[in-house]
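What follows is one structure encoded as structure tokens, with my remarks underneath.
Just so it is clear, the values below take in all heavy atoms, side chains as well, and ignore hydrogens, waters and symmetry mates.
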Amino acid sequence: PMIERKKIQKVLMGVAVISYVAAIACAMTAAILSDGTATSPAVASMMTSVVVFAAAGIVLHVISSTNLPSLKIERERT
């Protein structure tokens with residue numbers, strides 16, 4: 001059976017995909033800026049961005065694909 005996702009989960013999946021794309025773009029930029037050594041601060045910054053974007057993408061992907069319960073408080077009317 002298909003898991004019915006909430007609207008916020010669909011948005012988070014989109015943000016996860018954007019994070020993955022940003023990680024790939026930073027990795028490619030680091031490869032272009034690299035001259036064979038990783039001593040440049042720009043290359044180090046790009047590689048740090050790869051780690052951050054990839055980690056954010058993984059976390060958001062997991063949240064968006066999890067079956068979240070409804071956390072609404074149901075009050076009984078008398």
Side-chain angles (χ1 to χ4, degrees):
M2 285 285 293
I3 297 172
E4 195 166 319
R5 291 185 178 31
K6 296 178 172 70
K7 184 177 180 180
I8 188 69
Q9 287 180 291
K10 293 176 184 176
V11 171
L12 289 177
M13 179 59 86
V15 175
V17 170
I18 292 169
S19 293
Y20 291 141
V21 171
I24 292 168
C26 288
M28 290 173 32
T29 304
I32 292 169
L33 293 176
S34 176
D35 57 355
T37 62
T39 57
S40 169
V43 174
S45 297
M46 286 294 144
M47 292 311 291
T48 302
S49 297
V50 169
V51 172
V52 170
F53 283 128
I58 291 169
V59 169
L60 293 174
H61 192 133
V62 169
I63 291 172
S64 70
S65 62
T66 302
N67 187 9
L68 297 176
S70 175
L71 299 177
K72 286 185 179 179
I73 297 173
E74 301 286 331
R75 294 186 183 188
E76 291 184 24
R77 305 253 178 191
T78 57

Quiz item: Under a 4.5 Å side-chain heavy-atom rule over Ile, Leu, Val, Met, Phe, Trp and Tyr, are L12 and V59 clustered together?
Solution: yes
Quiz item: What pairs meet the side-chain hydrogen bond (donor to acceptor under 3.5 Å, both in side chains) rule with one or both residues in residues 15-26, with sequence neighbours excluded?
Solution: Y20-H61
Quiz item: What is the minimum heavy-atom distance between A42 and L33, and which atoms define it?
Solution: CB-CD1, 4.1 Å
Self-check item: Remaining members of the apolar cluster that contains I18, side-chain heavy atoms under 4.5 Å
Solution: none
Quiz item: Distance-only, no hydrogens or angles: does the Q9 side chain make a donor-acceptor pair with backbone N or O of S65 under 3.5 Å?
Solution: no
Using residues 47-55 as the side-chain source, report each donor-acceptor pair under 3.5 Å to any protein atom, sequence neighbours left out, with the distance given to one decimal.
from, atom 1, to, atom 2, distance (Å)
T48, OG1, A44, O, 2.9
S49, OG, S45, O, 3.0

Quiz item: How close do V15 and L60 get, heavy atom to heavy atom, and via which atoms?
Solution: CG1-CD1, 3.5 Å
